[in-house]
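Note that ligands are numbered from 1 as they come in the structure, with each ligand's atoms numbered from 1 the same way.
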Amino acid sequence: MSANVGRVREPSVSRYSAGRLSPIRRIADLRRLRDEQFDVLVIGGGVTGAGAAVDAASRGLKVALVEARDLAAGTSSRSSKLIHGGLRYLEQLELHLVHEALTERGLLSTRLAPHLVRPVPILVPLPASNPPARVWHRAYYGLGVAAYDAFAGVFGKGRGMPLHRHLTRDGARHLFPSLRAEAVTGAIRYYDGQVDDARLVVTLARTAASLGAAVVTSARVVGFVREAREVVGVRVRDLESPDSPEFEVRARTVVAATGVWSDDMSQMLSDVGVRPGMRVRASKGVHLVVPRSAITGEAGLILRTPTSVLFVIPWGGHWIIGTTDTDWKLDRSHPAASARDIRYLLDQVNTVLDRPLTTDDIEGVYAGLRPLLSGEADSTSKLSREHAVVEPMLGLLLVAGGKYTTYRVMAADVIDHAVRRLGGPARPSLTDELPLLGADGFTAAWRDRHDMARRHGVSAGVVEHLLERYGTLSVHLLAMIAAEPGLATPLTGAPEYLAVEVAYAALAEGALHLDDVLTRRTRISIETAHRGSESAAHAAEVMSDALGWDKAVRDREIEHYLARVAAERQSQTMPDDLTADAARIGVPDVRGFASDRAIDLLADLPMFGDL
Ligand SMILES: Cc1cc2nc3c(=O)[nH]c(=O)nc-3n(C[C@H](O)[C@H](O)[C@H](O)COP(=O)(O)OP(=O)(O)OC[C@H]3O[C@@H](n4cnc5c(N)ncnc54)[C@H](O)[C@@H]3O)c2cc1C
């Protein structure tokens, strides 16, 4: 094992400074990629890859993480944003999955990320029906939800969520006045966790960096370095410097956590005829975002649909409604929602609402791709959510499947494999004991938030907003405001966010482009009817100051962002996947990652057929 095993970072550097993904840090980490040999190199900065980097770095390994686009740019910013055990899996009697997920929910909400994971109340409406069926429904769902709570109490490492409650029809409508009276006879209220998915990934990546990992985004792996029949590294293209040549990164183990791009990894080894050991297929899930005022309710809803379930979840000043579940074989970088997807979601939710929603209510739309392990069933919603770790070639581990909630389990599993391969002493995973950056001291900071607001001369609302997004790292944003009061200005077109958050994203959270800030560091692109176009100029100005952009760069960033929004809007008017995809891919990624279509077509080559 490498010389620095056990040394996580320079002792003189604070954990916060070490975890700052600044522009200078990117340059230094790029240099490390070229110069050093790593114990573990992780490909993919989604929740699985960032989680694996934390796991490996906290075991004292020398770690690098490379991400082709931005942190969480793939599926991990496009989920339903629930940290959940999955009531549905309980119904399918997949008890081990429920147990695992509820354990993770408890850990995340109480110990690892209490600043990011919060309880959200959800109603299970009991459908209107004849009296015997009514009794049966209440007993059936009641037992299920009671079992869910009991599981969490017994296994949940601190449940972290309030207990469920039965409600009459009036009780349900009191909590959710928009529920159509004749659609329900009552409800059961239970709790699950809610998270800003993109923000948790950034926090994971920064936590890995704080433990000594090199973290580089806009770094696309284009091939493997091999010696005989062993993978000993990767070839990387720095997408921020398109003219600079590809370079090699040496690693004793390569972990590919590339979600719906997993098959591409095996294909990079196709010349030696390796069998990947697993295949991953993509299933598209679309969500709508509508303003909170469009529906009156204090809790979310979970509704049964013909193929799956539909969530209606409160999200700050908005509701998130989703999702669909359909096979997707088109562009994986920018999955597009079609008019048909949108119509389906509106039709489903309108079955229980007293005022039907229309397309005019929609603020944002987003689509994500579930990385499903394929080969078990034809209908995508029945495919297993379980994960798999395979080693298609010595030195290369692929990890895929699972769900956001259980990222830590996947990470521990794949790094267990890596540790066994590396030899040396046993190093069990420590991540169940490791609070992520911003979690330490959060409970006390939240209790003292009014004091904190007074001390920093800002409103309690500002402090609450910051604490819920940055935890105890909020003090750094408040210090930036103290040094430059202009940064306390609300962002044009999205006043719930402050200019300081844009500057901080560029200086400490690895945001390199306007799109990173408007889409993932903040969620302005899905939370405003203008989809961020009215905030683009202001945010670009703040980023220019932070990153030293000249006018040409700033104009290019704005132009790209506006073109992206226009393409997305157009795709959402198209009748089906093919036409929506054609409209969306007209504007490629700002980093030029859109060329995955050619590789996608290779997926059907016979060599990768049924295994
Ligand atoms: C609609 C929808 C709703 C969901 N809701 C929930 C939910 O509420 N709760 C829950 O627990 N789970 C949910 N999930 C599942 C969950 O979101 C995913 O399982 C999880 O985000 C997958 O993360 P990942 O890191 O494996 O993949 P990704 O997030 O896609 O990360 C893979 C990364 O690899 C990078 N990459 C690919 N190729 C390369 C390369 N050559 N070089 C470098 N980098 C590369 C990509 O850019 C990408 O960032 C949902 C999924 C969907 C689609």
**Q** With heavy atoms under 4.0 Å as the rule, classify the contact between Trp261 and ligand 1 as side chain, backbone, both or neither.
**A**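 The answer is the side chain of Trp261.
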**Q** Looking only at non-hydrogen atoms, which of Asp325, Thr258, Asp197, Thr217 approaches atom 36 (N) of ligand 1 most closely?
**A**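 Answer by nearest heavy atom: Thr258.
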**Q** Do any heavy atoms of Met265 fall under 4.0 Å from ligand 1?
**A**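 Judged by the 4.0 Å heavy-atom criterion, Met265 does count as contacting ligand 1.
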**Q** Using every non-hydrogen atom in the two residues, find where Ala101 and His84 come nearest and quote the distance to one decimal.
**A**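 Answer, listing the atom of Ala101 first, then His84: CB-O, 3.4 Å.
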**Q** With distance as the sole criterion, is a donor-acceptor pair present between the side chains of Glu527 and Trp315 under 3.5 Å?
**A**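 Yes, because at least one side-chain N or O of Glu527 sits under 3.5 Å from a partner of the opposite role on Trp315.
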**Q** Nearest heavy atom to atom 32 (C) of ligand 1 wins, so pick from Ala282, Ser333, Gly322, Ala257.
**A**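 It is Ala257 whose heavy atom sits nearest to atom 32 (C) of ligand 1.
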**Q** Heavy-atom contact check, 4.0 Å cutoff: does Ala219 meet ligand 1?
**A**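 Heavy atoms of Ala219 do come under 4.0 Å of ligand 1.
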**Q** Which of these, Ala411, Gly402, Ala68, has its nearest heavy atom closest to atom 43 (C) of ligand 1?
**A**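 Nearest option to atom 43 (C) of ligand 1, by heavy atoms: Ala68.
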**Q** Look only at the side chain of Lys284 and the backbone of Ala336, and say whether a donor-acceptor pair between them is shorter than 3.5 Å.
**A**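 Answer holds: yes.
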**Q** Which atom names give the shortest non-hydrogen contact between Arg206 and Leu21, and what distance separates them?
**A**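 Between these two residues, the closest heavy atoms are CG-CD1, 3.8 Å.
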**Q** Is it the case that ligand 1 has an N or O less than 3.5 angstrom from some N or O of His287?
**A**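 No: no nitrogen or oxygen of His287 is under 3.5 Å from one in ligand 1.
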**Q** For the residue pair His560 and Asp515, confirm or rule out a side-chain donor-acceptor distance under 3.5 Å.
**A**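 No donor-acceptor contact under 3.5 Å links the two side chains.
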**Q** Looking only at non-hydrogen atoms, which of Leu82, Val221, Thr324 approaches atom 8 (O) of ligand 1 most closely?
**A**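 That would be Leu82.
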**Q** Taking non-hydrogen atoms only, is Arg78 closer than 4.0 angstrom to ligand 1 via side chain, backbone, both or neither?
**A**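 Just the backbone.
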**Q** Verify whether one side chain among His318 and Glu363 offers a donor that lies under 3.5 Å from an acceptor in the other.
**A**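 Note: His318 and Glu363 side chains meet the donor-acceptor criterion.
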**Q** I need the contact type for Leu369 against ligand 1. Using non-hydrogen atoms and a strict under-4.0 Å cut-off, is it side chain, backbone, both or neither?
**A**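 Contact part for Leu369 vs ligand 1: backbone (N, CA, C, O).
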**Q** Could you tell me which atoms of ligand 1, counted from 1 in the order shown, lie closer than 4.0 angstrom to a heavy atom of Gly285?
**A**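 Selected atoms, number and element: 1 (C).
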**Q** Where the closest heavy atom to atom 22 (C) of ligand 1 is concerned, which of Ala198, Ser76, Gly85, Gly259 has it?
**A**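 Ranked by closest heavy atom to atom 22 (C) of ligand 1, first place is Ser76.
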**Q** Is the count of non-hydrogen atoms from other residues, nucleotides or ligands lying under 6.0 Å from Arg237 atom CZ greater than 12?
**A**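 Result for CZ/Arg237: open.
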**Q** Can you tell which part of Val47 has a heavy atom less than 4.0 Å from ligand 1: side chain, backbone, both or neither?
**A**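 Answer for Val47: both.
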**Q** With the threshold set at under 4.0 angstrom, would you say Thr323 reaches ligand 1 through any of its heavy atoms?
**A**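 Checking ligand 1 against Thr323, which is what was asked, there is a heavy-atom contact under 4.0 Å.
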**Q** Just jot down the ligand 1 atoms closer than 4.0 angstrom to any heavy atom of Gly368, in number order.
**A**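 With Gly368 as reference, the close atoms of ligand 1 come out as 53 (C).
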**Q** Between His99 and Glu104, is any side-chain donor less than 3.5 angstrom from a side-chain acceptor?
**A**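 There is no such pair between these side chains.
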**Q** Of the non-hydrogen atoms in Val286 and Ala337, which two are nearest, and what is the gap between them?
**A**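 Smallest heavy-atom distance, with atoms named: CG1-CB, 3.7 Å.
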**Q** Is there any N or O on Arg220 that sits under 3.5 Å from an N or O of ligand 1?
**A**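 By distance alone, the answer is no.
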**Q** Quick one: do the His513 and Asp516 side chains pair a donor with an acceptor below 3.5 Å?
**A**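 No.
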**Q** Hey, which atoms in ligand 1 end up nearer than 4.0 Å to a heavy atom of Arg370?
**A**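 Counting atoms of ligand 1 from 1, those under 4.0 Å from Arg370 are 1 (C), 51 (C), 52 (C), 53 (C).
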**Q** Does any non-hydrogen side-chain atom of Phe247 lie less than 4.5 Å from one of Leu33?
**A**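 Yes; the side chains approach each other to less than 4.5 Å.
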**Q** Just heavy atoms, cut-off under 4.0 Å: does Thr75 contact ligand 1 by side chain, backbone, both, or neither?
**A**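 Both backbone and side chain of Thr75 come within 4.0 Å of ligand 1.
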**Q** Considering only heavy atoms, does Lys81 approach ligand 1 within less than 4.0 Å through its side chain, its backbone, both, or neither?
**A**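 Backbone only; the side chain of Lys81 stays clear of ligand 1.
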**Q** Measuring from atom 24 (P) of ligand 1, which candidate in Val195, Thr48, Val286, Leu239 has the nearest non-hydrogen atom?
**A**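 It is Thr48 that holds the nearest heavy atom.
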**Q** Going by the order shown, which atoms of ligand 1 are within less than 4.0 Å of some heavy atom of Ile43?
**A**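 Those atoms are 40 (C), 42 (N), 43 (C), 44 (N).
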**Q** Which of parallel (below 30°), tilted (30 to 60°) and perpendicular (above 60°) describes Tyr366 and His287?
**A**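 Rings of Tyr366 and His287: parallel, as their planes differ by under 30°.
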**Q** Could you pull out, from Met410, Glu67, Arg69, the option with a heavy atom nearest to atom 46 (C) of ligand 1?
**A**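 The nearest heavy atom belongs to Glu67.
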**Q** Under a 4.0 Å heavy-atom limit, does Ala72 contact ligand 1 with its side chain, its backbone, both, or neither?
**A**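 For Ala72, no heavy atom sits under 4.0 Å from ligand 1.
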**Q** Mind checking what makes side-chain hydrogen bond (donor to acceptor under 3.5 Å, both in side chains) contact with Ser338, not counting sequence neighbours?
**A**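 With neighbours one apart ignored, the set is Asp341.
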**Q** Identify which of Ser80, Gly46, Pro335 has a heavy atom lying nearest to atom 5 (N) of ligand 1.
**A**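 It is Ser80 whose heavy atom sits nearest to atom 5 (N) of ligand 1.
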**Q** Does one side chain, of Ser76 or Asp197, offer a donor that lies under 3.5 Å from an acceptor on the other?
**A**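 Not at all, the side chains of Ser76 and Asp197 share no donor-acceptor pair under 3.5 Å.
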